There are 2 protein chains.
Amino acid sequence: MSKKPALAPQAASLGAGSERVGAGKLDADFELIELLFFAYRDFVGEPDRLLAVHGFGRAHHRVLHFVNRHQGLTVAELLEILEITKQSLARVLKDLINAGFIEQRAGDEDRRQRRLYLTAQGEVLAYALAGMQGQRMARALAEAGAADRPVIKRFLEALIDPERRATALAKA
Amino acid sequence: MSKKPALAPQAASLGAGSERVGAGKLDADFELIELLFFAYRDFVGEPDRLLAVHGFGRAHHRVLHFVNRHQGLTVAELLEILEITKQSLARVLKDLINAGFIEQRAGDEDRRQRRLYLTAQGEVLAYALAGMQGQRMARALAEAGAADRPVIKRFLEALIDPERRATALAKA
DNA sequence: AAAATTACGTCAACGTTATTGACATATTTC
DNA sequence: GAAATATGTCAATAACGTTGACGTAATTTT
């Protein structure tokens, strides 16, 4: 029950009732959709090149990032953030542990848990990666207008599925 | 009742810009960095589910999108936008052609070229996908403040590598 | 204390998207 | 006619993800 300015592709036969298509053809904001695609590609592309030096990929980056942000988190918590399976996590986590970027320590209260921490080496890499994205983000914020950070924040939050929004923010 | 161990052990969440930083480590805006990660994940996740119905993936989406936006483009042009190899493109393009979503026609001037067009069926799918992302984008824009579209646009543009920016905009 | 559950690890098979390298086939241009 | 161009294709490989099944240690329940 929201009004949607229809946008006809080339719709030859529009005569009949409600020949709707898929999720509805609203006037999709192609410009911003594409901008987001290109923006994200470059946003992760730069760190990718540094990661490749160590033989790592994007998945390793995500693990490094969230372990850095929440040192001592459990494997279960990390899986919940990343929304991947434990088998997927296992491979990259093993790489990072073997290479000495992350270490595990059994939980104090619950010794089944493997809490994750960055090593000194891991912090170096995590900060280097964060630096790249941080600088890019800072530049973007400056060009948008530094005072508009709240606008950007609301925009990005609203892009997230409502159910997940609270979770994402809590982690952030 | 399950005893839920406290999340985010050490990381006290802090507001906008200022993280404690050692000498040399810059002040990465972790909040926006993560928000962009979660936002993009959900932004592409919803279309993914529709694509899966047809046995397609994200790569097919990108091809559908850009062929829709630039009907009649050549394979070379598409490769330039996507920045992938022709072998990578070949597989998804073949899928889309075989399934009747995209068709090729030899160029008028240069008959070596295979210009790409959406079929009627292809347009249906492309618009359904665009509708999903368009609605999400519209919602995000509304929550950010519709008047702030220029801010968002500048922000996203500035996230793109400077060299690529012109190209991305031209295509958009 | 036995039984069940939880937290995690791991082996195996497989799918999607990307890569590099090499080679084939038209078509256009010099 | 030779060279360059636009595209297609075969083959091998890598990164990242999935599902399914099973194992083990630690904790909780009964």
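Numbered from 1 within each chain, the chains take letters A, B, ... in sequence-line order. A quick note: this is a predicted structure, and the numbers were derived from the prediction, not measured.
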How does each nucleotide of nucleotides 11-21 of chain D score, in 5' to 3' order, for protein heavy atoms under 4.0 Å: base (B), sugar-phosphate only (S), or none (-)? -----BBBBBB

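With rounding to whole Å, Ile97(A) atom CD1 is found 9 Å from dT10(C) atom P. One atom, CD of Gln113(A), and another, P of dG9(C), lie 11 Å apart when rounded to the nearest Å. Counting to the nearest Å, the P atom of dA26(C) and the CZ atom of Arg105(B) are 22 Å from each other. Between the CZ atom of Arg115(A) and the P atom of dT6(C) there is a distance of 18 Å, given to the nearest Å. The nearest whole Å value for the distance from the CZ atom in Arg114(B) to the P atom in dA26(C) is 10 Å. A straight line from CG of Leu116(A) to P of dA7(C) spans 14 Å, rounded to a whole angstrom. If you measure from atom CG of Leu78(B) to atom C1' of dA18(C), you get 15 Å, rounded to the nearest angstrom. Remark: P of dT9(D) and CG of Leu79(B) are 14 Å apart, rounded to the nearest angstrom.
With sequence neighbours excluded, the residues satisfying side-chain contact (heavy atoms from CB on, under 4.5 Å) with Asp110(A) are Arg112(A), Gln113(A). For Gln71(B), the side-chain contact (heavy atoms from CB on, under 4.5 Å) test picks out Asn68(B), Tyr117(B), Leu118(B), Glu123(B), with sequence neighbours left out.
For the pair Leu159(A)/Leu36(B), no side-chain contact is recorded, criterion being any heavy-atom separation below 4.5 Å from C-beta on. Residues Phe56(A) and Asp48(A) form no side-chain contact, since every pair of their non-hydrogen atoms from C-beta on lies 4.5 Å or further apart.
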Side-chain donor-acceptor distances from residues 100-107 of chain B under 3.5 Å, at least two apart:
residue: Glu103(B); atom: OE2; partner: Arg105(B); partner atom: NH1; Å: 2.7

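By the 30° and 60° cut-offs, the orientation of the rings of Phe37(B) relative to Phe66(A) is tilted.
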Using a cut-off of under 3.5 Å, enumerate the N/O to N/O pairs linking the protein to nucleotides 28-30 of chain C.
residue: dT28(C); atom: OP1; partner: Arg111(B); partner atom: N; Å: 3.0

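A side-chain hydrogen bond (donor to acceptor under 3.5 Å, both in side chains) check over residues 136-149 of chain B, counting only residues at least two apart or in different chains, returns the pairs Asp29(A)-Arg149(B), Glu31(A)-Arg149(B), Asp161(A)-Arg136(B), Glu46(B)-Arg136(B).
Counted within 6.0 Å of CG on Asp108(A), heavy atoms from surrounding residues, nucleotides or ligands total 12 or fewer; the atom is thus considered open.
No donor-acceptor contact under 3.5 angstrom links the side chains of Gln133(A) and His65(A), judged on distance only.
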